[in-house]
Protein chains: 2
Amino acid sequence: MRNKKRTTIYDIAKKLNIAASSVSRALNNSNHVNEATKKLIIKTAAELNYKRNTLASNLRKGQSKTIGVVVPFINQNFFSNVIAGIEEASYQKGYNLIICQSNELQSKEIKCVNTLINQHVDCIVISISADSSDHRHLQNVLDNGIQLIQFDRVADELETLKVINDNEQASLEAVSHLIEQGYKRIALLEGPQNLQIFRQRKAGYLHALRKYGIPVLEELIVENAWTKELGAEGTQKLLDLAEPPDAIFASTSDFSALGVLEVATAMGIKVPAELGICGYSNEAFTEITSPSITTIDQFSVYMGKTVANLYFQEMDNKDDTEVVPKIISIKPKLIVRSSTKRNG
Amino acid sequence: MRNKKRTTIYDIAKKLNIAASSVSRALNNSNHVNEATKKLIIKTAAELNYKRNTLASNLRKGQSKTIGVVVPFINQNFFSNVIAGIEEASYQKGYNLIICQSNELQSKEIKCVNTLINQHVDCIVISISADSSDHRHLQNVLDNGIQLIQFDRVADELETLKVINDNEQASLEAVSHLIEQGYKRIALLEGPQNLQIFRQRKAGYLHALRKYGIPVLEELIVENAWTKELGAEGTQKLLDLAEPPDAIFASTSDFSALGVLEVATAMGIKVPAELGICGYSNEAFTEITSPSITTIDQFSVYMGKTVANLYFQEMDNKDDTEVVPKIISIKPKLIVRSSTKRNG
DNA sequence: TAAATTCCTGCAATCGATTGCAGTTTAAAA
DNA sequence: TTTTAAACTGCAATCGATTGCAGGAATTTA
């Protein structure tokens, strides 16, 4: 690409024989410029195909009108939906998005965060990676005076703005639903317990059992089953037990629920009659498996919008007071489908 | 957020009682600084928690190390995969991504492109929106000396770098496959013909029919059927014909193929025995419907990587010559599944 | 010992837009 | 007609990092 020189406000100023400051003011629609000159300047700017250099503007103004987003994977349904939501809300406010993926690696996450700090983004939105253990890099964001918003997977001890799902409540409802459908031995496929969301989902499961006076059986709880393959593996073990479960709550994702369904189908076990299955996330495919899978919708696009709007709202009263760590909890919705419908 | 002042090179310079230029050189690892001072500077920078202000740096250097991406929707499988691919390749080169979605609207697309120009991105990667008619905004990108790479949905007349799928070849193979499976009356669900990709897919369909000496029947070609709902609607009409088709090639997407499958299932028509179905895109769900759906994989993540690498490659020999409009064509792969397997 | 290199370091301009301050012109009020 | 206010306009500094140029110190070569 040829490095054609771009038109600057100085070019416009020179052509009209006025000061650059007037040009700047006109283009910012300040009312400290004569209406006639303002119009002339705007017209000339258009003629010369002027484009404001946002870099220079941001440097001078000390802000970037940019939000940085860090997620484990851009191309996972939940995250791409959240990003779409953030984009929609941000676009309306004239903000841009810089997107990074951490690939579930703390090391890359740290680099991404640092890049965003260097870029002088106004806000960093993050859902931490699975192997995230310490959070100095996030503290660093705050120390640099950048707003930090965590969503979904949050580091609890960090006092920041947070947008989360009420995972425990959702799991409680899901497992309660299973119990009410008459399932008695309910297994849990759980995710990495260093992530709060998975701890909460387990808590919801335990809560439901307690509520209905059902004993907790360790043998029915399978660790680290958060892919389709691991879900299938765990299911195999569960169904090989002397007393196998009659329902499985795949709390990690719909993918592991899909693994459950495939194993059950392969073994000739009838769903939902002999085995109830509940997933998590409301992936598109849960509607079209046979039977369709009961799952939990997280309102992911809405979550993204909420994150962005939370930021804009905080901006509006930034001078007022210290930032109060605020947590917005979105209640996910249980979507009952065929895989758990035994009665009715 | 408190606007804590960030450490600048001047702070470091003052503390060490040297010139800012030396600090800059040290931090850029120039060899025009004494090794000892360099080490000292780097150490001090770390102590003061210095973060380079990329805005200032970019302004001075006249580049941004940023790639702008414009897609119709971030949260569509194909696009989020491409973006993930671009991110991966860009990250390695130290480039950032600014992501915008056009929502399939030319008006928003224009705004996105202009924002990216203002941001002084080094390169704009775009897959144009469905209602895109004129392309002055893209010409504008080039006029501003910004590299432009189109992918998948490209404006043919614009001489830019392009990364595309060989849609015609893929469609040819898909329809040939249907014919070889013994299907005789093959219908086509086509997409908006102002988009080249859909014209090409239609061309492949026609090509295959011609190749096998099968007459083209207008009544078997359904316009604008590129969502699940429209696909279902079109299918309904097709199957109500006096002589209904025995196969449907949903060239627009797997979603419309899903619509076909649902209508067929509802009408008690057996797939693949009585009706063959082929989709496009290899969405995750095509593997788990029953029957699973034959489709075409576009290697979307790979496509993203290709786009990014094409840019970096062009950068490397930017001074050499004029930019030659280059087109990279990726051959998609037909994935045969149950929905079209009649023999064997 | 003198001349020629090499190595470091600092000065000051630059990237492009913004903005506080001061000065000038014009209009309104007294 | 004089005073006061309002409306424009321009100067120059500023945001933070980079870099060409010049000068000084240290080292090497003659």
Side-chain angles (χ1 to χ4, degrees), chain A residues 3-42 44-45 48-66 94 117-122 144-145, chain B residues 3-42 44-45 48-66 115 117-122 144-145:
Chain A
N3 260 358
K4 308 212 178 100
K5 272 268 190 17
R6 304 242 195 128
T7 316
T8 71
I9 51 171
Y10 297 101
D11 299 326
I12 299 174
K14 194 185 285 172
K15 174 150 187 193
L16 297 179
N17 211 26
I18 54 178
S21 45
S22 291
V23 177
S24 172
R25 279 190 269 256
L27 296 174
N28 283 296
N29 202 25
S30 150
N31 51 356
H32 290 289
V33 202
N34 183 289
E35 270 304 321
T37 15
K38 189 192 283 188
K39 273 201 188 110
L40 179 62
I41 290 171
I42 291 172
T44 314
L48 297 179
N49 193 23
Y50 168 79
K51 306 271 175 198
R52 166 192 277 116
N53 185 329
T54 319
L55 292 181
S57 171
N58 290 341
L59 172 60
R60 176 60 229 250
K61 294 201 287 196
Q63 53 143 36
S64 65
K65 283 220 163 199
T66 299
I117 295 177
N118 289 355
Q119 286 283 341
H120 270 231
V121 296
D122 295 339
N144 277 282
Chain B
N3 258 1
K4 309 211 179 105
K5 271 269 192 15
R6 305 240 195 130
T7 317
T8 70
I9 52 170
Y10 297 101
D11 299 325
I12 301 175
K14 193 185 286 173
K15 174 150 186 190
L16 297 179
N17 212 25
I18 55 179
S21 46
S22 292
V23 177
S24 173
R25 280 189 269 257
L27 295 174
N28 283 296
N29 202 25
S30 149
N31 50 357
H32 290 288
V33 203
N34 182 289
E35 270 305 321
T37 17
K38 189 193 281 188
K39 274 203 188 108
L40 180 62
I41 290 171
I42 291 172
T44 314
L48 296 179
N49 193 23
Y50 168 80
K51 307 271 173 197
R52 166 193 276 119
N53 185 331
T54 320
L55 292 181
S57 172
N58 290 342
L59 173 61
R60 177 60 227 250
K61 293 201 287 197
Q63 54 144 32
S64 64
K65 284 223 165 193
T66 299
T115 310
I117 295 177
N118 289 354
Q119 286 283 341
H120 271 229
V121 295
D122 295 339
N144 277 282

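Atoms considered below: every heavy atom in the structure, side chains included; atoms not considered: hydrogens, waters and symmetry mates. As the structure is a prediction and not an experimental result, all values here were calculated from the model. Here is the naming used below: chain letters follow the sequence lines, and residue numbers restart at 1 for every chain.
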Below the 4.0 Å mark, does D/dT18 have OP1 or OP2 next to a side-chain nitrogen or oxygen of B/S57?
yes
Starting the side chain at C-beta, find the nucleotide from D/dT18, C/dC11, C/dA17 nearest to A/N53.
C/dA17
Close side-chain approach of B/K51 to A/N144, heavy-atom, < 4.5 Å
yes
Would you kindly give the CD1-to-C1' distance between A/I18 and D/dG10, to the nearest whole Å?
10 Å
Rounded distance in Å - CD (B/E35) to P (C/dT9)
11 Å
Whether A/S24 contacts C/dT18 is assessed here as follows: a side-chain N or O lying under 4.0 Å from the phosphate OP1 or OP2. Is that the case?
yes
Rounded to whole angstroms, how far apart are CZ on B/R6 and P on D/dC15?
15 Å
Is there a side-chain polar atom (N or O) of B/R60 under 4.0 Å from OP1 or OP2 of C/dG16?
no
If only side-chain N and O atoms of B/T37 are considered, is one of them under 4.0 Å from the OP1 or OP2 phosphate oxygen of C/dT9?
yes
Can you name the nearest heavy-atom pair linking A/Q63 to B/L55, along with the distance?
O-CD1, 4.5 Å
How many whole angstroms separate atom CZ of B/R25 from atom P of D/dT18?
11 Å
Protein-nucleotide distance (A/I41, atom CD1; D/dT9, atom P), rounded to Å
8 Å
Does any donor-acceptor pair link the side chain of B/S21 with the base of C/dC11 at a separation under 3.5 Å?
yes
For D/dA17, does either OP1 or OP2 sit under 4.0 Å from a side-chain N or O belonging to B/Y50?
yes
List, one per line, each side-chain donor-acceptor pair under 3.5 Å for residues 10-25 of chain B, sequence neighbours excluded.
from	atom 1	to	atom 2	distance (Å)
B/D11	OD2	B/T8	N	2.8

Report which part of the nucleic acid A/S22 touches: base, sugar-phosphate, or nothing (heavy-atom distance under 4.0 Å, all strands).
sugar-phosphate
Return the nearest nucleotide to the side chain of A/L59; candidates are D/dA17, D/dC15, C/dC11.
D/dC15
Report which part of the nucleic acid A/L27 touches: base, sugar-phosphate, or nothing (heavy-atom distance under 4.0 Å, all strands).
nothing
A/R52 vs B/Y10, nearer the 5' end of DNA chain C by closest nucleotide
B/Y10
In whole Å, what is the span from the CG atom of A/N31 to the C1' atom of D/dT9?
14 Å
On a heavy-atom basis, the closest approach of B/T7 and B/Y50 is O-CD1, 3.2 Å
Just the rounded figure in Å: distance from P of C/dG20 to CG of A/N28.
13 Å
Let me know the distance between NZ of A/K61 and C1' of C/dT19, rounded to the nearest Å.
11 Å
